[in-house]
Structure formats: C-alpha cells, structure tokens
Amino acid sequence: MKSIFIKGAIQPAFIADSIAKHQTKHSIGAHNIFLGQVRADVINDKTVAAIDFTCYEEMANSILEDIREKAFKTFNLTCMHIYHSLGEIKAGEVCFFVFVSAKHSKEVYAATEYLVNIVKKKVPLFGKEIFEDDSHQWKVNK
Amino acid sequence: MKSIFIKGAIQPAFIADSIAKHQTKHSIGAHNIFLGQVRADVINDKTVAAIDFTCYEEMANSILEDIREKAFKTFNLTCMHIYHSLGEIKAGEVCFFVFVSAKHSKEVYAATEYLVNIVKKKVPLFGKEIFEDDSHQWKVNK
Amino acid sequence: MAVIKYYGAIAEETKCSEEQMAVSDLKISDCMALLNKKYNLNAFEVSIALNQNLVEIDSTIKLNDSDELALLPPFAGG
Amino acid sequence: MAVIKYYGAIAEETKCSEEQMAVSDLKISDCMALLNKKYNLNAFEVSIALNQNLVEIDSTIKLNDSDELALLPPFAGG
C-alpha cells in the first residue's frame with residue numbers, strides 16, 4: 001500500500017483530485033468523505049495555532065493495512081482511501097481525510113465513521129498542540 | 001436561502017471551493033461530505049448513460065428550508081450545505097452534494113445520513129434515466 | 001383560473017408542463033378525476049401539491065383562482 | 001543491541017528519538033524499569049510496541065538483538 005501520510009496540510013485541490021479520479025468508476029453511486037480540520041481551541045486562555053503531527057510510520061502503515069482489510073470485509077465498498085498529515089498543520093487546515101465509495105448510499109456512512117474512529121484509536125500518531133505564544137501541550141484523543 | 005440547484009454536474013473544483021471557504025471557521029473540527037454520483041446501471045441489457053434531472057423548484061426550496069431548520073435543531077452543526085444538479089448529468093458525474101460541519105466528529109455522521117435520506121424522500125426532484133441508445137425510463141428512489 | 005403543473009413522467013404523458021383550468025367550485029378530488037379522464041394518469045403513482053404543499057388526492061378542498069396544483073410522479077433526487 | 005524508539009511527549013522527555021541498548025537476557029518489563037529509572041516516565045501514559053506490535057508493559061518476553069521497542073504516548077490522530 002502506498003503511504004497515507006502527507007507532509008503538511010491536505011489541500012482542497014488534493015481532495016478535488018481524489019474525487020475526480022473516481023468519476024471513471026461508473027459502478028459508484030455514493031461517496032462519503034470525512035475531513036478533520038485543526039480547531040483553534042482555547043485552553044486555559046491560550047489559543048491553539050497549529051498541531052504538529054508525528055507518527056511511528058512503520059507501525060502505522062501495518063495497522064492501516066489491517067484496518068483497510070477489515071473494512072473491506074465488513075462493508076460493501078468499492079474504494080477506500082485514508083490520508084493523514086504530518087508536520088505542522090495550522091488552525092483551519094485539514095489534517096485527516098477519509099474517503100469511502102460504494103454502489104449505494106446506505107453502505108458508506110457506517111464505514112466512514114468506523115474508519116475515522118479506528119484511525120484515531122489505533123494508529124500511532126502524536127499531536128503537539130502549539131499555542132499562539134509558542135508554548136505547547138500534547139493532544140490526547142478523548 | 002440561496003438556491004441549492006446547480007445547472008449541470010457538480011464539479012470537483014466546486015467541492016474544493018466549498019471546503020476552502022470553511023477553512024476560515026476555526027471552531028470547525030470535522031466535515032462530512034456526501035456525494036451522489038450517477039451510476040451506469042445496466043437495466044434489461046441497456047446501460048444508463050445519463051440522468052436528466054428536473055425539479056418543482058418553488059416547492060423544493062420551501063421544503064429544503066424546512067429540512068435545514070429542522071436539521072440545525074436536531075444536530076449540533078456549525079454549517080450545512082445541500083446542492084443538487086438539474087439537467088443532464090452523465091454517468092460518473094456528481095449530481096448531489098451534502099456538506100455538514102461541526103465542532104466534533106461525532107456530530108456529523110448522523111446529520112449527513114439524515115439529510116441525504118430526507119432530500120431523496122421529500123424534495124420534488126425527477127430523474128429521467130437516459131440509456132446509451134437514447135431510450136429512457138423514469139428513475140424511482142427505493 | 002387555476003394553474004395545473006405537470007412534472008417528470010406525468011409531463012411526458014400530458015405533453016405539457018402546465019395549463020390553466022377554470023375551477024369555480026371545483027374540489028381537488030373532482031379536478032383529479034377530470035385530469036385522469038383527460039390524460040389517463042392511472043398508470044402513474046401521483047402525489048399532488050396545492051400551492052407547494054402536499055395534499056391528499058381525494059381532498060375535498062375547493063380550488064380557487066390563482067391556486068397552483070402540481071401533479072408529481074415519484075421523487076428521484078439524490 | 002536492540003533499538004529503543006521514543007515518540008511525542010516521551011521523546012520530548014527523553015530528548016532523543018532513539019537509542020541502542022544492550023539487551024542480552026533482558027525482559028521487556030525489566031527494560032521498562034531501567035528506562036523509567038533513567039527518564040522518570042511515570043508521569044506518562046505509555047504503551048509499548050515490540051517490532052511494531054503492541055505488547056504489555058510488564059511483558060516477560062525477552063528482547064533480542066535487532067529488536068525494536070517503541071515507547072508511545074497516547075495516540076492523537078484525526
């Protein structure tokens with residue numbers, strides 16, 4: 001599997017390009033896309049300006065391979081793509097992109113939710129929340 | 001409310017532009033996008049080449065206004081956009097675009113599914129499935 | 001005069017998208033019977049909207065001048 | 001020698017991303033005790049992966065030369 005990790009933010013044009021690539025697949029009737037966008041959360045009066053993502057990439061790739069395999073077995077999907085940013089992603093930028101396609105709409109929703117949740121839970125990604133004053137704290141998924 | 005009806009197919013660049021417009025909203029942490037794509041279904045040995053969509057637009061707009069209002073009350077959303085194509089949309093092209101944004105990921109999935117299903121059920125849109133031999137049949141949502 | 005509007009498969013059958021109809025004292029149910037007779041719409045699963053709101057096909061509401069009655073085949077958006 | 005890898009908040013604490021460690025006959029649990037003593041990692045919620053697979057922190061598996069042991073803080077993707 002090609003790497004799902006992208007250096008820097010995921011650009012809207014990259015998402016558009018992914019969509020366009022699926023327009024030659026005429027058995028697809030429904031796409032569902034999840035995008036994670038960095039929030040400017042205010043924590044103890046300090047505002048998050050960016051998140052710096054790092055990753056244990058060899059382990060992440062092997063876990064993502066398992067996730068993909070299991071998702072294709074569980075859901076009736078035509079295509080599935082997962083991308084995550086590495087490096088410093090500013091508030092408002094997209095850092096996570098899950099893209100699922102199927103023949104019918106009913107197949108896609110649960111698959112998307114499943115993939116988003118399992119990536120958050122199982123993939124060794126780490127996020128340093130950098131505040132506007134350059135101090136930081138480490139992000140923890142709830 | 002501005003019209004949600006778009007003449008012709010919904011282009012990937014239009015979707016990218018919608019995403020980009022939401023990157024200034026720093027309270028958003030999650031987007032969910034549904035795209036309906038015209039399938040080249042084979043029906044009695046004939047292949048669908050396009051769907052020609054028409055609409056009872058005054059009624060559709062008023063129903064969509066109700067749908068939006070109810071969805072904002074039901075789900076904890078920051079933004080909600082619905083677009084549907086009118087006219088002839090070829091197999092592989094996107095004719096339906098639902099775009100929902102919220103602070104947290106858990107809010108968006110059910111909202112997207114709800115909107116897709118209620119638009120299919122309640123909005124007076126009509127689809128003429130045009131086969132490759134130029135014959136046609138009228139689409140019925142299951 | 002009220003306006004009767006046709007959509008999708010029904011407009012294909014009626015060969016027009018709308019027409020005027022004299023409606024003095026005419027109930028929706030009677031109007032539908034007239035249109036059924038004129039166009040033979042029995043083959044269609046029709047829903048109807050009076051001024052953009054769905055009403056029953058056998059409604060006894062009387063049509064008024066400037067009312068808009070729409071004959072709608074099954075919805076097929078998405 | 002095995003390689004010990006550190007990520008995120010833990011790498012910040014250890015001030016390095018990886019180091020070599022002599023492991024002859026060393027259990028994972030003992031290795032973790034050594035690292036804890038060296039870096040004071042008690043404040044961290046750590047999970048550990050042996051050659052990219054999660055294992056228990058008190059595992060009695062013995063480390064071999066060329067093994068890769070990774071110390072991982074809470075995952076935060078998405």
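Quick note on labels: first sequence line is chain A, next is B, and so on, each numbered from 1.
Residue contact with chain D, scored on non-hydrogen atoms closer than 4.5 Å, involves the backbone of A:V123 exclusively. Within the 4.5 angstrom heavy-atom criterion, no atom of D:E45 approaches chain A. Within the 4.5 angstrom heavy-atom criterion, only side-chain atoms of A:F53, from C-beta onward, approach chain D.
Environment of NZ in A:K122: sparse, with no more than 12 heavy atoms of neighbouring residues, nucleotides or ligands closer than 6.0 Å. Around the CD atom of D:E19, the shell of radius 6.0 Å holds more than 12 heavy atoms that belong to other residues, nucleotides or ligands.
Most heavy-atom pairs under 4.5 Å with chain D, from the set A:H136, A:Q137, A:K121, A:K128: that is A:H136. For the set A:F96, A:W138, A:F97, the entry with the most heavy-atom pairs within less than 4.5 Å of chain D is A:W138.
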Note to self: Go through it in stages, so that I can follow the logic: the residues are D:L54 and A:M59, the test is side chain to side chain contact (heavy atoms under 4.5 Å, CB included), and I'd like the CA-CA distance, side-chain angles, deciding distance and then a yes or no.
What the structure shows: CA-CA 9 Å; D:L54 290 177; A:M59 180 175 165; 3.7 Å; yes

Checklist line | Residues D:K5, A:E58; criterion side chain to side chain contact (heavy atoms under 4.5 Å, CB included); working and verdict | finding: CA-CA 12 Å; D:K5 290 188 157 199; A:E58 305 92 304; 3.2 Å; yes

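Between D:L72 and A:P124, the shortest heavy-atom contact is CD1-CB, 4.4 Å. Across every non-hydrogen atom of A:V140 and D:P74, the tightest pair is CG1-CB, 4.2 Å. Of all heavy-atom pairs between D:Y7 and A:C55, the closest is CE2-O, 3.5 Å.
At a threshold of 4.5 Å between non-hydrogen side-chain atoms, the residues A:F126 and D:E12 do not count as touching.
Within the model, atoms CD1 of A:I63 and CG of D:N53 stand 8.0 Å from one another, a figure rounded to the nearest 0.5 Å.
Of the possible polar contacts, none joining the A:K120 side chain to the D:G78 backbone as a donor-acceptor pair under 3.5 Å is found.
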